[in-house]
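Scroll down for the structure; my scribbles are underneath it.
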Amino acid sequence: MSGPHHHHDHHHGPEHGHEHGHAHQHGEAAWTPYSDTSVPDTDLSPVDLSRRRFLQAAGVLGLAVGATVAGTPRTAQAAPRPGGGGGGAYTWLNGDHHIHTQYSSDGLYTVRQQVEQARRNGVNWLVITDHGSATHARLGVDLVNPDIVAARRAYGDMLVFQGLEWNIPAAEHGTVFVVPNANEVAVLREFEQQFDGSLGNTTEDRAVAGIQWLGRQMTDRRTSNALFLANHPARNGIDSPHELRAWRDADPRVAIGMEGAPGHQAAGIPAPEGPGDARGFYGNSRRADSFPGYPDESYRTFGGFDWMTAKLGGVWDSLLAEGRPWWITANSDSHSVYRDRLVRPTGQDGTAYFTANGRYGDPVDSGVPQIDRGDFFPGYYSRTWVGAGSRDHGAVMDGLRAGRAFVVHGDLIDGLEVSVRGDGGGNAPATLGEQVRVGRGEDVHVQIRITQRRQPNAHGDVPRLRRVDLITGPVTGPVADRDTQTAPETRVAQSFEVRGNGQVVLNHVFRRVDRPFFLRLRGTDGNVSAPGSIEPRQDPVGNSDPWTDLWFYSNPVFVSVG
């Protein structure tokens, strides 16, 4: 087929509550003695000396490097500095881990076309994830690899991964990918043949076994890096809370998170200009294998985000309240793109041709923009920004695993920097995905620096950030019921109104903390919210133009008390 893509189914903090914050924007930073390294420590006042020490600990005037413990929140490393995406000791790279090509049964484009479009949209890294299937397992994993290798050679500034979209046994789809190496094809082929849900793997234990198998490939050094992320987790209601927990527990090095926002963001553009479908193609309802505890609203998106992420005190927060590192991403899920003119060639566009050849023919220009499609090209609308230790494949994967990431729609912001520290000064500040330890009764200081967008996005708009919400909840430990899907103490600690278009600096203090908690961020252009609330609105089916409702979300920072 050459038309639209068709779906595969198969704390709050401490209870004292004494906190304050303020927001301000500014242009060029004023000179300050504590930030000027030509001014010796001995010439500084005690206050300025303290500020310099903080900046040094934060990595702004020197770096403080910590360690990573697999499966636990990363301990404080260097807090970010101003720069593209974020800062600190990291290179901030944006990318997309969910992209399809002609090697998918519902795909269209060549690998090179997807990579070229991603590059044109300023993407730094991307993962080719064609659908797992009998045909893909037999042919596709091997056939697509030369195209990926050729793209790596042709575009040396792009980090191109080979992966696949796993039909998770008894659940939804997921991205699985490995670091480029001599065994990448063999590992992916063996994984798909043994564990894909389309090949007779129909029980939850097979999903757990697949994740453990990927972990063993790392342990056995067949590949140094393998990751799994759950895709569009709430779309059909079949990723139950206990399955999410089981996947993470199976191997925390491999199972790291889920799509906080699905692809297919153009699907909600109203007819006749667009498909007139549900944003993200989240237009489904409860079915026989859906988890019965999910409400009807869970099958819709909210401001373009999956209900598990968007629901305050919902599934995602219930995992974070356990202290469980579970990160979010965003991507395009690009199959066939809204208003693009390419279609499959006649005679090479059918199921029989695909089954025989493991791919469709290279697309041809129809001369007609296809307005019934729900996708964008990689980087056109959705970005996952990752803080990487260097500009290479393994560093991107390590950054994702560490949770050092935030996600953005419509280029609402260009950079986000978060620093969380106790006022005792005993530990380096923490940033996204990390954990900072503070003494009981200390104040915890949060500083957020946001780089606003100054250039038009792909839609031709210069988006404006209007509000940032600091969300927090207590870390209460493992739950007895692994289908727990709420964290009722989660709340918005403070909402910051943003004015102007310069650099944004936001500050908040949690006073006299006495129990562990997490914090995370979201921000919006303020165009749409739920009636009578600051929460994202449920996206109306058939009338949800994605460009008029933009959000960003960050991964959490954990604060431990002791």
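Position 1 is the first residue of the sequence, and the numbers go up from there. Since we're looking at a predicted model, the values are computed, not measured.
- For the residue pair Asp251 / Gln212, no side-chain donor-acceptor distance below 3.5 Å is found, with atom types taken as modelled.
- Two residues are said to be in side-chain contact when any heavy atoms from C-beta on lie closer than 4.5 Å; Ile413 and Arg453 fail this criterion.
- For Thr223, the side chain to side chain donor-acceptor pair (under 3.5 Å) partners are Asn181, not counting sequence neighbours.
- Residues Thr431 and Val420 form no side-chain contact, since every pair of their non-hydrogen atoms from C-beta on lies 4.5 Å or further apart.
- Partners of Glu204 by salt bridge (charged side-chain N to carboxylate O under 4.0 Å, His left out), not counting sequence neighbours: none found.
- Side-chain contact of Asn231 with Glu172: a donor-acceptor pair under 3.5 Å is absent, judged by distance alone.
- Ile450 approaches Leu416 most closely through the heavy-atom pair CG1-CD1, 3.8 Å.
- Every salt bridge (charged side-chain N to carboxylate O under 4.0 Å, His left out) that Arg520 has, sequence neighbours left out, goes to Asp317.
- Applying the ring pair (Phe, Tyr, Trp, His ring centres under 6.0 Å) test to Tyr299 and every residue at least two apart in sequence or in another chain returns nothing.
- With sequence neighbours excluded, the residues that form a ring pair (Phe, Tyr, Trp, His ring centres under 6.0 Å) with Trp247 are Phe228.
- Val475 approaches Glu322 most closely through the heavy-atom pair CG1-C, 4.0 Å.
- Summarising the geometry, atom OH belonging to Tyr282 is positioned 9.5 Å from atom OG belonging to Ser298; distances are rounded to the nearest 0.5 Å.
- A search for ring pair (Phe, Tyr, Trp, His ring centres under 6.0 Å) contacts involving Phe305 returns His409, Tyr553, not counting sequence neighbours.
- With sequence neighbours left out, His445 forms a ring pair (Phe, Tyr, Trp, His ring centres under 6.0 Å) with no residue at all.
- With a 4.5 Å cut-off on side-chain heavy atoms, Arg404 and Val386 do not count as touching.
- Rounded to the nearest 0.5 Å, atoms CG (Asp306) and NE2 (His232) are 10.0 Å apart.
- Between Leu214 and Phe191 there is a side-chain heavy-atom pair separated by less than 4.5 Å.
- Scored by the side chain to side chain donor-acceptor pair (under 3.5 Å) test, Glu297 finds Trp307 as partners (sequence neighbours excluded).
- In this model, no donor atom of one side chain and acceptor atom of the other lie less than 3.5 Å apart for Thr384 and His97.
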For Asp514 and Arg512, what are the C-alpha separation, side-chain angles and deciding distance, and is it a salt bridge (charged side-chain N to carboxylate O under 4.0 Å, His left out)?
CA-CA 6 Å; Asp514 62 0; Arg512 298 187 294 278; over 6 Å; no
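- Ring geometry for Phe496 against His508 counts as perpendicular: the plane angle is over 60°, on a 0 to 90° scale with 30° as the lower cut.
- Atoms CD and CG, on Gln485 and Leu244 in that order, are 10.5 Å from each other to the nearest 0.5 Å.
- Interatomic distance, OG1 of Thr484 versus CZ of Arg245, reported as 5.5 Å (0.5 Å rounding).
- Looking at heavy atoms from C-beta onward, Arg537 lies out of side-chain contact with Ser529 at the 4.5 angstrom threshold.
- For Arg279, the salt bridge (charged side-chain N to carboxylate O under 4.0 Å, His left out) test picks out Asp539, Asp549, with sequence neighbours left out.
- Side-chain N/O atoms of Asp96 and Ser332 include a donor and acceptor closer than 3.5 Å.
- In summary, Glu489 and Arg515 engage in a salt bridge, as defined by a charged side-chain N under 4.0 Å from a carboxylate O.
- Asn225 and Asp398 share a side-chain donor-acceptor pair at under 3.5 Å.
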Ring pair (Phe, Tyr, Trp, His ring centres under 6.0 Å) between His173 and His131, intermediate numbers included
CA-CA 9 Å; His173 298 165; His131 284 288; 5.5 Å; yes
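- At a threshold of 4.0 Å, the pair Arg522-Glu535 counts as salt-bridged, since one of the basic side-chain nitrogens sits closer than that to a carboxylate oxygen.
- Aromatic rings of Phe517 and Phe558 (six-membered ring for Trp) have centroids beyond the 6.0 Å cut-off, not under it.
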Could you check Arg491 against Thr472 for side chain to side chain contact (heavy atoms under 4.5 Å, CB included), going step by step and ending with a plain yes or no?
CA-CA 6 Å; Arg491 66 183 177 94; Thr472 185; 4.3 Å; yes
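- Listed by chain and residue number, Arg324, Arg482 satisfy the salt bridge (charged side-chain N to carboxylate O under 4.0 Å, His left out) test with Asp249 (two or more places apart in sequence, or in another chain).
- There is a side-chain donor-acceptor pair under 3.5 Å between Glu243 and Ser240.
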Carefully, step by step, assess Trp92 and Phe406 under the rule ring pair (Phe, Tyr, Trp, His ring centres under 6.0 Å).
CA-CA 10 Å; Trp92 285 83; Phe406 62 94; 5.8 Å; yes
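- Considering only heavy atoms from C-beta on, Ile256 comes within 4.5 Å of Leu229 through its side chain.
- Val315 places none of its side-chain heavy atoms less than 4.5 Å from the side chain of Trp326.
- Taking 4.0 Å as the cut-off between side-chain N and carboxylate O, Arg511 and Asp443 count as a salt-bridged pair.
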Assess the residue pair Arg300 and Ser544 against the criterion (side chain to side chain donor-acceptor pair (under 3.5 Å)); give the C-alpha distance rounded to whole Å, side-chain angles, the decisive distance to 0.1 Å, and a yes or no.
CA-CA 11 Å; Arg300 300 291 179 266; Ser544 298; over 6 Å; no
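- Side-chain contact between Thr309 and Met258 is present, with at least one heavy-atom pair separated by less than 4.5 Å.
- Annotation: the span from Leu164 atom CG to Asp196 atom CG amounts to 7.5 Å, rounded to 0.5 Å.
- Contact record, Pro546 with Gln265: CG-O, 3.3 Å, taken as the closest heavy-atom pair.
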Check against side chain to side chain donor-acceptor pair (under 3.5 Å), Ser495 and Asp469:
CA-CA 4 Å; Ser495 286; Asp469 300 326; 2.6 Å; yes
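- Judged by distance alone, the side chains of Asp414 and Gln452 never bring a donor and an acceptor atom under 3.5 Å apart.
- Formation of a donor-acceptor pair under 3.5 Å by the Thr203 side chain with backbone atoms of Ala170 is not found in this model.
- The two atoms that bring Ala207 and Ile168 nearest to each other are CB-CG2, 3.7 Å, heavy atoms only.
- The side chain to side chain contact (heavy atoms under 4.5 Å, CB included) test applied to Asn555 returns Trp316, Trp327, Ile328, Ala405, not counting sequence neighbours.
- Taking a cutoff of 4.0 Å between a charged side-chain nitrogen and a carboxylate oxygen, Asp423 and Arg421 do not qualify as a salt bridge.
- Summarising the geometry of Gly304 relative to Pro262, their closest heavy-atom pair is O-CD, 3.4 Å, with the distance given to 0.1 Å.
- Within the structure, every pair that satisfies the salt bridge (charged side-chain N to carboxylate O under 4.0 Å, His left out) test and touches residues 211-234, not counting sequence neighbours, is listed here: Glu190-Arg222.
- In this structure, Leu320 CG and Thr490 OG1 are separated by 8.0 Å, a value rounded to the nearest 0.5 Å.
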